[in-house]
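To find a chain, count down the sequence lines: A is the first, B the second, and so on, and within it residues start at 1.
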Amino acid sequence: MPEMPEVEQVRRSLEPHIKGKKILDCQVLLPRMIVHPESGAFAQSVTGRTFKEVKRRGKYLLLCLDDESAIMCHLRMTGALLALKKGDAEPSHARVHFTLSEDTDLWFTDIRTFGVMALLGQDGWADRGLASLGPEPLSKEFTLDYLEKILKKSRAPIKNFILDQRKIAGIGNIYADESLAMAKLHPKREASSLTREEAAALYDAINRSIAQGMENGGTTFRDYKDADGKSGSNQDHLLVYNRKGEPCRFCGTALEQIKVGGRGSVFCPRCQK
DNA sequence: ACTTCTACCTGAGCGC
DNA sequence: TGCGCTCAGGTAGAAG
């Protein structure tokens, strides 16, 4: 489940494999995953281009090309970008295949096919999700002052609030639950009801949980892998996510799972108010 | 303008 | 062993 730390790990691991290499061929195996332009035009446009760098914004990856265009990629739940050597077996669930120079193959794989790719920067087309992202954790734009201001304006449950990419970019279900556990806030608390102290605790918790995820190379439960096919280790350090029924690391109470906005949410009924 | 719900998919895990 | 069911979760777009 790639969230900001996982996508950042993909960015870091992918860049050295493709930087400076040329796209010799592009085969789209599942056309509907290319959201813009039409898949044939996409393949034709990227062929012959050279990768300059790999950027990330929230959970979006931008594979920047030498003509100032960029391949936008969102991995959604089960997507992966894998850099393999020529001759290696085709990975399972391959959806897009880029043949690169220097005997490198770049594969976009995705079990559930929710992931998307698009070509930006050639015709003014913009991805609405990417265009509407809020500031991301650990950035200078994400300040306590900003968080307090938008918290006051929302009557949504705090869990839904921090999952809203237009408010804060990059948080998904894992880091949402972890942040709330760290800040000792119940996932159903109304956003506008947080005190100054609680908002400050949440601000620190979001930054700390995301930073910890990045230090550990991301969280792997099932499908997430970086460009080298490696798993992260942050799953060994989680407070609540995927720990339903297990003891709270602070007080020992059995963790509970409820639905908040349709998402599974694990929390400590004693610590989180 | 805001929040909430559902569709989009496949595979794993469960009970029977 | 195998069937049918539920669940997982990011986002767009519809519905409230």
Asker: Check A:Arg189 with A:Glu198, please: is the shortest side-chain N to carboxylate O separation under 4.0 Å?
Answerer: yes

Asker: Reading DNA chain B from 5' to 3', where do the contacts with chain A start and stop? Cut-off is 4.0 Å to heavy atoms.
Answerer: B:dT3 to B:dG11

Asker: Under 4.0 Å between any heavy atoms, over every strand shown, what does A:Gly129 touch: base, sugar-phosphate, or nothing? Just pick one.
Answerer: sugar-phosphate

Asker: Taking any heavy-atom pair under 4.0 Å as a contact, classify A:Gly172: base, sugar-phosphate, or nothing.
Answerer: sugar-phosphate

Asker: Whenever both distances are under 3.5 Å in a Watson-Crick or G-U wobble pair, mark it; put DNA chain C into dot-bracket that way, with [ ] for crossing pairs and | when the partner is on another strand.
Answerer: .|||||||.|||||||

Asker: Kindly work out whether a path of hydrophobic side-chain contacts (I/L/V/M/F/W/Y, heavy atoms less than 4.5 Å apart) joins A:Phe108 to A:Leu100.
Answerer: yes

Asker: Applying the side chain to side chain contact (heavy atoms under 4.5 Å, CB included) criterion to A:Lys159, which one of A:Leu185, A:Asn173, A:Ile258 satisfies it?
Answerer: A:Asn173

Asker: In a check of side chain to side chain contact (heavy atoms under 4.5 Å, CB included) between A:Lys55 and each of A:Arg57, A:Glu53, A:Lys52, which one passes?
Answerer: A:Glu53

Asker: Please list, for nucleotides 13-16 of chain C, all pairs of protein and nucleotide N/O atoms separated by less than 3.5 Å.
Answerer:
from, atom 1, to, atom 2, distance (Å)
C:dG13, OP2, A:Arg128, NH1, 3.2

Asker: Is the shortest side-chain N to carboxylate O distance from A:Asp226 to A:Arg12 below 4.0 Å?
Answerer: no

Asker: When the P atoms of B:dT6 and C:dT6 are compared, how many Å lie between them, rounded to an integer?
Answerer: 14 Å

Asker: Could you check how far CG of A:Leu75 sits from P of C:dG10, rounded to whole Å?
Answerer: 12 Å

Asker: Test side chain to side chain contact (heavy atoms under 4.5 Å, CB included) on A:Leu30 and A:Val96 and set out the steps.
Answerer: CA-CA 7 Å; A:Leu30 187 57; A:Val96 185; over 6 Å; no

Asker: Tell me whether A:Glu6 is salt-bridged to A:Arg11, with the criterion being a basic N under 4.0 Å from an acidic carboxylate O.
Answerer: no

Asker: Between C:dG10 atom C1' and A:His74 atom NE2, what is the distance in whole Å?
Answerer: 6 Å

Asker: Taking A:Asp110 first and then A:Arg95, would you say they form a salt bridge - that is, a charged N and a carboxylate O separated by under 4.0 Å?
Answerer: no

Asker: Flag yes if A:Leu163 and A:Val266 sit in one hydrophobic cluster, no otherwise; membership is Ile, Leu, Val, Met, Phe, Trp, Tyr, and two members link when side-chain heavy atoms are under 4.5 Å apart.
Answerer: no

Asker: Give a yes-or-no answer on whether the side chains of A:Lys21 and A:Ser101 include a donor-acceptor pair shorter than 3.5 Å.
Answerer: no

